[in-house]
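Working notes for the structure below.
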There are 2 protein chains.
Amino acid sequence: MGQGSESHDVETDTDGRTNDAAPVALESHLGYQLKHLQTALRSRMDETLRPLGLTTPQYNCLEQLRRRPGASNSELARGAFVTRQTMNTLLRGMQDRELVTRPVKADSGRVLPTRLTPAGERLLDRAASRVEAISDRMVSPLDEETRTMVTEALGLCIAALEAPENG
Amino acid sequence: MGQGSESHDVETDTDGRTNDAAPVALESHLGYQLKHLQTALRSRMDETLRPLGLTTPQYNCLEQLRRRPGASNSELARGAFVTRQTMNTLLRGMQDRELVTRPVKADSGRVLPTRLTPAGERLLDRAASRVEAISDRMVSPLDEETRTMVTEALGLCIAALEAPENG
DNA sequence: AAATGTATGTCAGAATACTTACATGGGTCA
DNA sequence: TGACCCATGTAAGTATTCTGACATACATTT
């Protein structure tokens, strides 16, 4: 093995006392776990989607579209946690590949309702089953009760972070 | 209100039948919750760090460095879930700001052990207390028991995703 | 009806992170 | 010792996403 793999036991507390200044193990920080898991999930999704010519953001967009047919660009952006501009770029690419369609001109307002094409739906079906396999693998160590508890807990964290600070 | 805020009750089942193909609510998908929470956390961290002239990745790097003084660039990259090149750029910028130091030449091997400067430590202290406030706010709705349970559950998910598939 | 406010779609430029690639240093093992 | 392998640091180019800006369309208010 290389010299980069040595153990770093910074958090080992030999005398058992709690130390205010001592850094807690990173693995006990939710934020760190979050980033770690997200990174791992993203990697697996990209891997499994690559054979289909899709990236994870593109898949997310298609999935949004299945749930909200005719959604606007801005709406999709909010649902995928990216900016309008990013979603716009994503949609352009998928329009060129005939996976989604958008009217050239808006019926009313400026909203251009986007929809999946039949080809887009077919590709999404294939992608979804692959992604589901990854998702299942991710939660496989958790029993049903734990899964719902974790999901609910994360929902509470989201709400706490998105709530206005103090006014 | 604008026309983008209409309700989209895609999963409302008017006839009460359960539909196999019907998409489950996004909020029940752990992957989606993960992305949502991560996005929210990142936003709050960037906000709170901006006054200090730090970005979230830079803060992560400094935090790593406190826990592993003298760590190599590659080691820091792995710990922060970015590529070596990205971490290299990050370190350059913080070297220029005299927050970290790296020897020009390696004692042995190619590893250039990085360390925090006193100024870096001071800035990190200020940053850490701000980040901790965000972190506390995030987990504030969770009791102690739930926190550890969630952290452990996420750890299991990480392991499941990172384990070699089947070979 | 005019003014105001808000949401949308889109362009341009900047920032960020990644992929590919290569040279170097140091272990491992025949 | 030499061949091999792996990890590191770094450069160049690409891809992705963001920030800032602007014009348009509708709703609301007065």
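All values below come from the heavy atoms of this structure, side chains included, with hydrogens, waters and symmetry mates left out.
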When the distance from [atom1] of [X] to [atom2] of [N] is rounded to whole Å, what number comes out?
| X | N | atom1 | atom2 | result |
| --- | --- | --- | --- | --- |
| Leu76(B) | dT10(D) | CG | P | 12 Å |
| Lys105(A) | dT10(C) | NZ | P | 13 Å |
| Glu75(A) | dA7(C) | CD | C1' | 12 Å |
| Met87(A) | dT17(D) | CE | P | 10 Å |
| Gln38(B) | dT17(D) | CD | P | 14 Å |
| Gln95(B) | dT10(D) | CD | P | 8 Å |
| Asn73(B) | dG25(C) | CG | P | 17 Å |
| Arg92(A) | dT17(D) | CZ | C1' | 15 Å |

- line: Its contact letters, B for base, S for sugar-phosphate only and - for none at protein heavy atoms under 4.0 Å, make nucleotides 14-19 of chain C read ---SBB
Determine whether a donor-acceptor pair (N or O, by modelled atom type, separation under 3.5 Å) exists between the side chain of [X] and the backbone of [Y].
| X | Y | value |
| --- | --- | --- |
| Gln64(A) | Leu76(A) | no |
| Arg130(A) | Leu49(A) | no |
| Arg147(A) | Val139(A) | yes |
| Thr48(A) | Met45(A) | no |
| Arg137(A) | Leu161(B) | yes |

message: If hydrophobic clusters are built by linking Ile, Leu, Val, Met, Phe, Trp and Tyr wherever their side-chain heavy atoms come under 4.5 Å apart, do Ile134(B) and Leu62(B) end up in the same one?
response: yes
field: Given DNA chain D, 5'-ward residue of the pair Asp107(A) and Arg102(B), judged by closest heavy atom
entry: Arg102(B)
- prompt: Is it true that Arg44(B) and Glu47(B) have a side-chain N and a carboxylate O under 4.0 angstrom from each other?
  reply: yes
Just to confirm, is there a sub-4.0 Å distance from OP1 or OP2 of [N] to any side-chain nitrogen or oxygen of [X]?
| X | N | value |
| --- | --- | --- |
| Arg84(A) | dA21(D) | no |
| Ser108(A) | dA25(D) | no |
| Arg78(B) | dT8(D) | yes |

message: Which residues pass the ring pair (Phe, Tyr, Trp, His ring centres under 6.0 Å) test with Tyr32(A), not counting sequence neighbours?
response: Phe81(B)
Estimated bend of the helix from dA1(C)-dT30(D) to dA30(C)-dT1(D) (axis per five terminal pairs, rounded to 10 degrees): 30°
Among [options], find the nucleotide with the atom closest to the side chain of [X].
| X | options | answer |
| --- | --- | --- |
| Arg110(B) | dT10(C), dT10(D), dT24(C) | dT24(C) |
| Asn88(A) | dT10(C), dA11(D), dG9(D) | dT10(C) |
| Ser72(B) | dT10(D), dT8(D), dG9(C) | dT8(D) |

- request: Taking all heavy atoms of Ser72(A) and all of Val111(A), pick out the closest pair and write down the distance.
  value: CB-CG1, 3.4 Å
Sort me out a list of protein N/O and nucleotides 1-5 of chain D N/O pairs below 3.5 Å, or just none if empty.
none

- line: Residues passing the side-chain hydrogen bond (donor to acceptor under 3.5 Å, both in side chains) test with Asp125(A), sequence neighbours excluded, are Arg66(A)
task: For the residue pair Asp143(A) and Thr146(A), confirm or rule out a side-chain donor-acceptor distance under 3.5 Å.
output: yes
Scan the side chains in residues 90-100 of chain A for donor-acceptor partners under 3.5 Å anywhere in the protein, sequence neighbours excluded, and list what turns up.
{"from": "Arg97(A)", "atom 1": "NH1", "to": "Gly53(A)", "atom 2": "O", "distance (Å)": "2.8"}
{"from": "Arg97(A)", "atom 1": "NH2", "to": "Gly53(A)", "atom 2": "O", "distance (Å)": "3.2"}

